[in-house]
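What follows is a set of notes on a single structure, which appears directly below.
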Amino acid sequence: MRSIWFPSLLVFLCNFLCLFTPCIAKPPHVIFILADDYGYNDVGYHGSEIKTPNIDKLSGEGVRLENYYVQPICTPTRSQLMSGRYQIHTGLQHQIIWPPQANCLPLDDKTLAQALKELGYATHIVGKWHLGQYKKACWPTHRGFDTFFGHLTGSEDYYTHEHTGCGMTMTPACSNWKGYDLRENDDVVHGYKGTYGTHMFTQRVQQLLQKHDQTKPLFLYLPYQAVHSPLMAPAYYTDMYKDIKNKKRRVYAGMVTAMDEGIGNITDTLKNIGMWDDTVIFFSTDNGGMVTEGGNNWPLRGWKHSLWEGGMHGVGFVTGGAFPDARRGTTYNGLIHVSDWFPTIVSGLVGSSVNGTKLDGHNVWDAISTGSPSPRTELLHNIDPLQPSPKADFMGNYVVKDPQADTFNTSIRGAIRVGDWKLITGDPGDNRWMPLPDSGITPPKPTDPKGKRLWLFNIAEDPNEFHDLSEFRPDVVETLYERLQAYYKTAVPVRFPAGDPKADPKLHNNTWSYWED
């Protein structure tokens, strides 16, 4: 009975409250689009040569977030989006979840989908999961989603929908493992071989929208694989970029434009079926662009995998027919992080409580929708005591330290932002500035001495991280270092298990699947 009357009660309460305070009259439809490996310099409104007319238009009709941060790699961003928690509090501080690892987003962490489902939302995911697969309890339909159409692993061939390799050192070796990875809910689904992945996901979203009962609020999560490698795009899109000489950049550009077209098609569908005026759309990348696979983050320093701005300063915006008119066509420069979307959507947008849910994110809806200061003044980028990567023993086992066992020190990879200041410790990853191939630009060369393990930047004044101020502002270094130490004390042990031979697709009818009950 509750599932029948609770959404109606929520609508009644929202309407009643709107008599006294400005708010959206009823729970809006929420669509969250997550692009994969999408670089800062790969969107039209940042001056890219890549054509993104739909993203440019949508973002121009909403608010562009220009002080917005994600994590340097896939799983950590997705885990923080779904849980609202820093990765030091979920045990996912190190790398990603590789296919043969018995690991996933902790099952006792409520997901954004679960929270919205409890509020009467229909919940759907179309695309890439990448939050663990070793047991069915980790899969999307067991984490709050009514339906799932997509793949469990981190990447796959865009046409065959197969994932090859495992990404880890294992005995026996798993680099040649190959398995099919496309599911409808919990079941393997066939019939899509030869269909380009970006088109496939776009079309499924359009079908879901057309079938949706519009009296019920909708949460639709669309984590495209695009524009993650392997670099694949139909000739129709790459032919638009014959003037780009670098082949990887040319194919990547075609992939971006195919994704942009899909977003435009979804927008058209929303308008054609009458859902647009009741919808808020969130768009985000999951990390910086991968320069070795066509992406670009110029003029920011670094790229995917790194704690430099190029690895984490994300492309993001909020738009939609239900977005406040007064904020359309604006830019917001307050500090926002991907972990903020959980409380922002559940509490700020929908108007429910997040009391009792352990969160590191902040509700930034008022900030975005009114232009007021962001409640977030501090951001832990990460603390990873296993970076650089630990060496596996001959059986593929990794030594995983309890981060609370030792005092934080500058050999540990970490980064924190407090106000305009950013402190980096340990090995932050590749530190180069990388302009576009064939651009003719000669970038500055890093001058950091070998073995350097501490940097301080004023990001507001120096967004490209040219000038390390650690020697000139020891007072700021001390303050931020103490904050890193405080966070380090709250960290849970890192979970980065050895690969399990039972994950081999050959044992599961040549598919990537679960192997534990």
Side-chain angles (χ1 to χ4, degrees), residues 31-59 62 64-78 80-81 96 126-128 130 150 154-155 158 196-198 201-202 221-233 237-238 241 244 248-264 266 281-300 302-306 308-319 336-338 341 434 436-437:
I31 297 179
F32 200 106
I33 302 172
L34 188 68
D36 201 334
D37 286 7
Y38 191 38
Y40 182 85
N41 192 30
D42 299 333
V43 63
Y45 68 80
H46 280 167
S48 177
E49 82 280 31
I50 299 177
K51 301 175 179 67
T52 56
N54 294 293
I55 289 176
D56 295 347
K57 184 175 186 294
L58 283 171
S59 63
R64 294 170 177 170
L65 309 175
E66 293 298 349
N67 197 7
Y68 172 59
Y69 287 84
V70 291
Q71 297 307 111
I73 45 179
C74 304
T75 297
T77 288
R78 294 158 204 274
Q80 298 194 50
L81 167 63
I96 62 172
V126 176
K128 166 180 167 178
H130 206 191
S155 64
Y158 280 79
Y196 185 56
T198 303
F201 292 146
T202 297
Y221 174 40
L222 173 57
Y224 276 117
Q225 179 182 336
V227 285
H228 194 291
S229 61
L231 296 178
M232 296 179 172
Y237 301 102
T238 57
Y241 298 100
I244 297 180
K248 287 187 175 182
R249 181 65 176 175
R250 183 168 63 251
V251 176
Y252 177 91
M255 295 169 71
V256 171
T257 296
M259 178 182 69
D260 179 82
E261 178 186 86
I263 293 170
I266 291 167
I281 296 175
F282 297 81
F283 178 92
S284 172
T285 183
D286 69 338
N287 46 249
M290 187 65 172
V291 298
T292 58
E293 297 292 343
N296 193 260
N297 309 291
W298 179 263
L300 302 178
W303 59 82
K304 179 182 177 179
H305 297 292
S306 83
W308 303 104
E309 291 291 287
M312 304 182 296
H313 191 145
V315 176
F317 62 85
V318 185
T319 189
I336 298 176
H337 182 242
V338 67
W341 295 130
M434 298 293 289
L436 287 170

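In this chain, residues are counted from 1 in sequence order.
Residues Y158 and L231 have side chains not in contact (no heavy-atom distance under 4.5 Å, counting atoms from C-beta outward). Counting heavy atoms from C-beta outward, M232 and V251 have side chains that stay 4.5 Å or more apart. With a 4.5 Å cut-off on side-chain heavy atoms, V315 and F283 count as touching. Side-chain atoms of T319 and F282, non-hydrogen and from C-beta on, never get closer than 4.5 Å to each other. A 4.5 Å side-chain heavy-atom check between L58 and I263 finds at least one atom pair inside the cut-off.
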Exercise. Between Y241 and T257, does a side chain to side chain donor-acceptor pair (under 3.5 Å) hold up when you go through it step by step?
Worked result: CA-CA 10 Å; Y241 298 100; T257 296; 2.5 Å; yes
Exercise. What do the steps show when you test D260 against K51 for side-chain contact (heavy atoms from CB on, under 4.5 Å), and what is the final call?
Worked result: CA-CA 8 Å; D260 179 82; K51 301 175 179 67; over 6 Å; no
Exercise. Going through the distances and angles, do M255 and T198 end up as a side-chain contact (heavy atoms from CB on, under 4.5 Å)?
Worked result: CA-CA 8 Å; M255 295 169 71; T198 303; over 6 Å; no
Problem set entry | Derivation of the side-chain contact (heavy atoms from CB on, under 4.5 Å) call for V43 and D56 | CA-CA 8 Å; V43 63; D56 295 347; 3.9 Å; yes
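A distance of 9.5 Å separates CH2 in W298 from CG in L436, rounded to the nearest 0.5 Å. Considering CD1 of I50 and CD1 of I55, their distance stands at 10.0 Å, rounded to 0.5 Å. A distance of 12.0 Å separates CD1 in I96 from OG1 in T77, rounded to the nearest 0.5 Å. In this structure, CD in Q71 is found 4.0 Å from CD in Q80, a value given to the nearest 0.5 Å. For the atom pair NE2 (H313) and CG (L65), the distance works out to 9.5 Å, reported to the nearest 0.5 Å. Of the inter-residue distances, the one linking I33 atom CD1 with I31 atom CD1 reads 6.5 Å to the nearest 0.5 angstrom.
In this structure, the side chain to side chain contact (heavy atoms under 4.5 Å, CB included) partners of N67, at least two apart in sequence or on a different chain, are Y69, L335, R417. Every residue meeting the side chain to side chain donor-acceptor pair (under 3.5 Å) condition with H46, not counting sequence neighbours, appears here in chain and number order: E66. Taking the salt bridge (charged side-chain N to carboxylate O under 4.0 Å, His left out) definition, one finds that K57 meets it with E61, sequence neighbours left out. Partners of D286 under the salt bridge (charged side-chain N to carboxylate O under 4.0 Å, His left out) rule, at least two apart in sequence or in another chain, are R78. The side chain to side chain donor-acceptor pair (under 3.5 Å) search around S59 returns R64, not counting sequence neighbours. Residues satisfying the side chain to side chain contact (heavy atoms under 4.5 Å, CB included) test with N287, not counting sequence neighbours, are D37, C74, K304. Evaluation of the side chain to side chain donor-acceptor pair (under 3.5 Å) rule for Y252 yields D42 as partners, not counting sequence neighbours. A search for side chain to side chain contact (heavy atoms under 4.5 Å, CB included) contacts involving S284 returns F32, L34, Y68, V70, not counting sequence neighbours. Y196 is linked by a side chain to side chain donor-acceptor pair (under 3.5 Å) to nothing, counting only residues two or more places apart in sequence or in another chain. For the side chain to side chain contact (heavy atoms under 4.5 Å, CB included) test, residues two or more places apart in sequence or in another chain that qualify with V291 are N297, W303, M434.
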Distance-only donor-acceptor hits, side chain of residues 221-230, under 3.5 Å, sequence neighbours excluded:
from	atom 1	to	atom 2	distance (Å)
Y224	OH	T202	OG1	2.6
Q225	OE1	H151	NE2	3.4
Q225	NE2	E156	O	2.9

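Residues P299 and Y40 approach most closely at CD-CE2, 4.4 Å, considering heavy atoms. P72 and M312 make their closest contact through CG-CG, 3.8 Å (heavy atoms, listed as atom of the first residue, atom of the second, distance).
Remark: the backbone N or O of H130 is paired with a side-chain donor or acceptor of T75 at under 3.5 angstrom. Proximity of a side-chain donor or acceptor of R249 to a complementary backbone N or O of G294 within less than 3.5 Å is detected.
For the residue pair Y237 and E261, a side-chain donor N or O sits within less than 3.5 Å of a side-chain acceptor on the partner.
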